[in-house]
Amino acid sequence: MTGKPFEPAANVSLQSRNTLRLPAEAAWYARAGDVTELRRALDWADRQDLPVLLLGGGSNLVLAGDFPGLVLRVSLGGRCWSGVDNGSAILEVGAGENWHETVMYSVRSGYRGLENLALIPGTVGAAPIQNIGAYGVELSHALVDVSVWDREQGAERVLTCEECAFGYRDSLFKRQPERYVVLKVRLRLSKRAPLRLGYRDLEEFFDGQAIDALTAEDVAQAVIQVRSRKLPDPDFLPNAGSFFKNPVVSLAQFESLQQRFPDIVAYVGQDSAKLAAGWLIDQCGWKGHRDAHVGVHNRQALVLVHHGDGQGGELLGLASRIRDDVQARYSVALEVEPRIFPVSMREEFRF
Ligand code: EPU
């Protein structure tokens, strides 16, 4: 590849670049605004055998130490419509675009499909990694395909929704974290798809209102209000959203738990049950708990917060105490949702 030499910045603070506002430094830092810049940066890191951390909005990240390699902010932009036909359309969005702004753009254009996913922090490129989900909808419900740079094959590829192997807060990208860089996603939206109002919080919000008259934008505004009531705004109280996944257990385990704890909250499926981790943590008495610099949010026990001047290690220490408590009381293993760096800290705290 020709062009200007790649010159990343050295020793860059990441504190303002992660929504938990944890202090950490990148040995090297650069932005990639297009595929050429991205390839140049990846080639540079590969030549020196340096690890690469791809950064979107930094909203699903726990930094518990400095990063010894290249932190790469993927900022590929752009939004356009294609395949507009008879009330449905495909929205193509670059990985660096803001997710919430994309949702609002789609609903204001009169399209349905993304409204339940309003106000989720982060970028479009991060959305498929953990298959973002809220209020009964997951990204995979609207996703057509994902364009990626495949570092193993050294080529641009398009992965269909099926190939992305999405599950609850899970995807191919999580299972092979070094391999793919998301460049663009394509979403199928529709003007006539039914609105999804079955989640309890939304049902309560619209109780008594004429559902037929609602627009996708009304639902997005409701989601914004419901989320704002429960979840702290990272700009005011740094956090990374849900710190743990809701654990999925067998129906037999759920039934035995329910006998001992009749109030346990779960979403029961055909072959398994997803337990509300927030309820389990809350019942163990952690809601509103505060250590010196870190704590548990006082309105949603699933969200850990950083009150300032803390370190990632303190947060992981708190998370491991919560995990051990839930394990001891309910025999249920909690799994951390955000990515943890460096890997040594993940191992130290057994996450
Ligand atoms: N609950 C408690 N105490 C708490 C928190 C929750 O008893 O402190 C109970 C609630 O009363 C409710 C149940 O647990 O009955 C579930 O709570 P909620 O509806 O707030 O949802 P959640 O399961 O805790 C999930 C997602 C959120 C998403 C909401 C809404 C995960 C890990 N989290 O939370 O996603 O916004 O549903 O759909 O799946 C995120 O991923 O960062 C995130 C915020």
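Counting convention: from 1, in listed order, for ligands and their atoms alike.
The ligand atoms of ligand 1 that sit less than 4.0 angstrom from a heavy atom of R227 are 36 (O). Residue F244 approaches ligand 1 through these ligand atoms, each under 4.0 Å from one of its heavy atoms: 32 (C). Interface atoms of ligand 1 facing A301, defined by a heavy-atom separation under 4.0 Å, are 4 (C), 5 (C), 8 (O). Counting the atoms of ligand 1 from 1 in the order shown, those under 4.0 Å from a heavy atom of A134 are 36 (O), 38 (O). Residue D282 approaches ligand 1 through these ligand atoms, each under 4.0 Å from one of its heavy atoms: 2 (C), 3 (N), 4 (C), 7 (O), 8 (O). Taking a cut-off of under 4.0 Å to the non-hydrogen atoms of Y168, the atoms of ligand 1 that pass are 31 (C), 32 (C), 39 (O). Near K287, meaning under 4.0 Å from any of its heavy atoms, are these atoms of ligand 1: 3 (N), 4 (C), 8 (O). Shown in contact with G241 at under 4.0 Å from a heavy atom are these atoms of ligand 1, numbered in order with element: 42 (O).
The shortest separation from a heavy atom of W286 to ligand 1 is not under 4.0 Å, leaving the residue out of contact. Contact analysis leaves Q130 out of contact with ligand 1, as no non-hydrogen atom separation drops below 4.0 angstrom. Taking 4.0 Å as the cut-off, K230 counts as a neighbour of ligand 1 on heavy-atom distance. Within the 4.0 Å heavy-atom cutoff, R169 counts among the residues contacting ligand 1. Heavy-atom distances between H297 and ligand 1 stay at or above 4.0 Å for every pair.
For the pair R323 and F244, the cation-pi criterion (under 6.0 Å, within 45° of the ring axis) is not fulfilled. Cation-pi geometry between R17 and Y29 is satisfied (NZ or CZ under 6.0 Å from the ring centre, within 45° of the ring normal).
Of the protein's non-hydrogen atoms, the one nearest atom 12 (C) of ligand 1 is R200 NH2, 4.2 Å. In this structure, the protein non-hydrogen atom closest to atom 34 (O) of ligand 1 is L302 CD2, 4.1 Å. Of all protein heavy atoms, the one closest to atom 25 (C) of ligand 1 is N246 ND2, 4.1 Å. When hydrogens are left out, the protein atom nearest atom 42 (O) of ligand 1 is S242 N, 2.8 Å; that is the closest non-hydrogen contact. Protein heavy atom nearest atom 19 (O) of ligand 1, with residue, atom name and distance: Y199 OH, 2.8 Å.
The distance from atom CG of L302 to atom CG of L231, rounded to the nearest 0.5 Å, is 9.0 Å. Here the straight-line distance linking atom CG of D150 with atom CG of L183 works out to 10.5 Å at 0.5 Å rounding. Distance SG/C164 to CG/N131: 9.0 Å, rounded to 0.5 Å.
In A276, the part holding a heavy atom less than 4.0 Å from any atom of ligand 1 is the side chain.
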Stepwise side chain to side chain contact (heavy atoms under 4.5 Å, CB included) check, L187 with L143 = CA-CA 5 Å; L187 304 158; L143 192 107; 4.2 Å; yes

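Side-chain contact, D218 with T215: a donor N or O sits under 3.5 Å from an acceptor N or O. Defined by atom type and a distance below 3.5 Å, a donor-acceptor pair is missing between the side-chain atoms of H293 and D291.
Atom 32 (C) of ligand 1 is approached by the protein to below 4.0 angstrom, counting heavy atoms only.
Annotation: side chain of R151 is in contact with side chain of L42 (closest heavy-atom distance under 4.5 Å). At a threshold of 4.5 Å between non-hydrogen side-chain atoms, the residues V296 and L318 count as touching.
Under the rule for a salt bridge (Lys or Arg N to Asp or Glu O under 4.0 Å), the partners of E217 that lie at least two apart in sequence or sit in another chain are R108. For Y105, the ring-ring contact (aromatic ring centres under 6.0 Å, His included) test picks out W81, with sequence neighbours left out.
Annotation: D235, atom CG; neighbour count of heavy atoms from other residues, nucleotides and ligands within 6.0 Å is above 12.
Nearest to atom 24 (O) of ligand 1 by heavy-atom distance, out of K274, E138, Q300, is Q300. Considering each of Y135, Y267, W279, F243, the one bringing a non-hydrogen atom nearest atom 38 (O) of ligand 1 is Y135.
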